[in-house]
Amino acid sequence: MKIFRKIKEYNEYFKGISKDKIVGFVPTMGALHEGHLSLVRCSKKQSNITGVSIFINPLQFGPSEDLDSYPKQEKQDLKLLENENVDFVFIPSSKEMYPEKMLTNVKVSKLQDNLCGAKRPGHFDGVTTVVIKLFNIIRPDKAFFGLKDFQQYTILKKMVNDLNFHIDIIGCEIIREKDGLAMSSRNKYLTEDDRKIASNINIALKEGMELIKETNYSVKEIIDKLKTKYFKDVRIDYFWVYDRYKLFPLQEGDIPVKDIVITGAFFIGKARLIDNMRL
Ligand code: PAF
């Protein structure tokens, strides 16, 4: 497994990749878990060469967010990737990625008006900007993203389409712990008690999906029921039913039938956790 810390080193390696090879790319911020490894496995199935980047991107963290405490475990990450037979890892420093103050910002509008976009101003501009930089550096044919970050996936798909990038954006299903909690690097922040509360997120989403499929309850009725049953003492950032393609919120009285995503963000202990289910 090749490890590149400098763009120049990667460029030399890229010159040696023959044009008929499919390069699959998994961008990450490290602190890897089974969710990331499932993306790597997806890539290995669909590509000839698989590369992973590890870069904690400061542009996508708000001033009161967890940039400084974001979990770092480079040695362990490299070991995990080596075990998966990844071909290369790109681990740039902040200086390598942002040698000068950035004056360019990539923004996908509308799709970031709700959900995490509304709650974390500037977050998705930071994501799209770094992902474009990474795409331009790595020059992959396919890029793999987890559907846990469903808004991120939707925004990146639109960005690639709008800007005519020749890259397939592939969304891979959410990988869950035994108790149903969606895997996330931020699960590391949870205590045992937090974990018990956090496992209700998946239970509530599943129940929400059943109510959607089997009843004629309105969005408000469904969400109120679930909030009362599962999240009485939890600080909810958002929890609602949205159009799954355009990501706008359904009206309170709407009866959801299809093309929806039920999704939420919840503050539990020191973590902010997101999860979703789609129909
Ligand atoms: O999903 C993530 O880990 C990050 O948002 C990404 C796509 C690696 C960009 O920094």
Side-chain angles (χ1 to χ4, degrees), residues 4 7 10 24-40 42-43 50-62 65-74 76-77 80-81 86 88-98 102 104-108 111-112 115-117 119-138 140 142-160 163 165 167-175 182-189 247 263 265 271-276:
F4 304 112
I7 297 168
Y10 177 77
F25 177 44
V26 181
T28 81
M29 298 205 297
L32 303 181
H33 50 67
E34 274 300 312
H36 297 109
L37 300 183
S38 78
L39 301 180
V40 167
C42 265
S43 172
T50 289
V52 175
S53 64
I54 297 177
F55 178 61
I56 301 177
N57 170 38
L59 288 191
Q60 69 189 73
F61 288 78
E65 293 184 351
D66 56 346
L67 173 62
D68 292 336
S69 58
Y70 197 83
K72 293 174 196 73
Q73 47 170 62
E74 186 181 300
Q76 194 180 321
D77 287 348
L80 288 169
L81 296 175
V86 160
F88 70 85
V89 185
F90 179 57
I91 318 187
S93 63
S94 266
K95 196 130 195 258
E96 185 70 5
M97 287 298 280
Y98 303 116
M102 288 279 287
T104 308
N105 185 26
V106 182
K107 185 184 199 76
V108 178
L111 291 175
Q112 55 166 304
L115 301 105
C116 290
K119 300 292 176 179
R120 303 181 65 189
H123 168 69
F124 285 114
D125 296 352
V127 171
T128 43
T129 302
V130 80
V131 168
I132 286 220
K133 277 174 77 78
L134 288 167
F135 282 175
N136 283 333
I137 294 165
I138 303 297
K142 299 179 180 207
F144 297 81
F145 295 89
L147 291 174
K148 180 174 77 68
D149 299 303
F150 187 65
Q151 189 172 22
Q152 168 172 282
Y153 161 77
T154 307
I155 286 174
L156 292 173
K157 234 178 146 59
K158 179 72 176 141
M159 173 187 87
V160 159
L163 299 180
F165 273 81
I167 299 173
D168 285 340
I169 300 291
I170 294 160
C172 303
E173 215 21 270
I174 300 173
I175 304 295
M183 289 205 183
S184 162
S185 304
R186 290 184 169 102
N187 291 353
K188 284 193 166 58
Y189 300 149
L247 301 184
T263 179
R272 179 181 178 278
L273 304 175
I274 58 171
D275 200 350
N276 71 80

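Excluded from the calculations below are hydrogen atoms, water molecules and symmetry mates; all remaining heavy atoms, backbone and side chain alike, are included. In each ligand, atom 1 is the first atom listed, and ligand 1 is the first ligand listed.
- For atom 7 (C) of ligand 1, the nearest protein heavy atom (residue, atom name, distance) is Gln152 NE2, 3.6 Å.
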Run Val52 and His36 through side-chain contact (heavy atoms from CB on, under 4.5 Å) and show every step you take. CA-CA 10 Å; Val52 175; His36 297 109; over 6 Å; no
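- The Val130 neighbourhood of ligand 1 comprises atoms 9 (C), 10 (O), with distances under 4.0 Å to a heavy atom of that residue.
- At a 4.0 Å heavy-atom cut-off, ligand 1 does not touch Leu134 at all.
- Aromatic ring pairs are classed by plane angle as parallel below 30°, tilted from 30° to 60° and perpendicular above 60°; the pair Phe145 and Phe135 is perpendicular.
- Ring orientation note: the planes of Tyr98 and Phe55 are tilted relative to one another, at an angle of 30° to 60°.
- In this structure, Phe88 and Phe4 have tilted ring planes: the angle between them lies in the 30° to 60° band.
- Counting only heavy atoms of the protein, atom 3 (O) of ligand 1 lies nearest to Met29 CG, 3.7 Å.
- Of the candidates Asn57, Asn105, Thr104, Asn105 is the only one forming a side-chain hydrogen bond (donor to acceptor under 3.5 Å, both in side chains) with Thr129.
- Counting atoms of ligand 1 from 1 in the listed order, those under 4.0 Å from a heavy atom of Pro27 are 8 (C).
- With respect to atom 4 (C) of ligand 1, the closest heavy atom belonging to the protein is Gln60 NE2, 3.6 Å.
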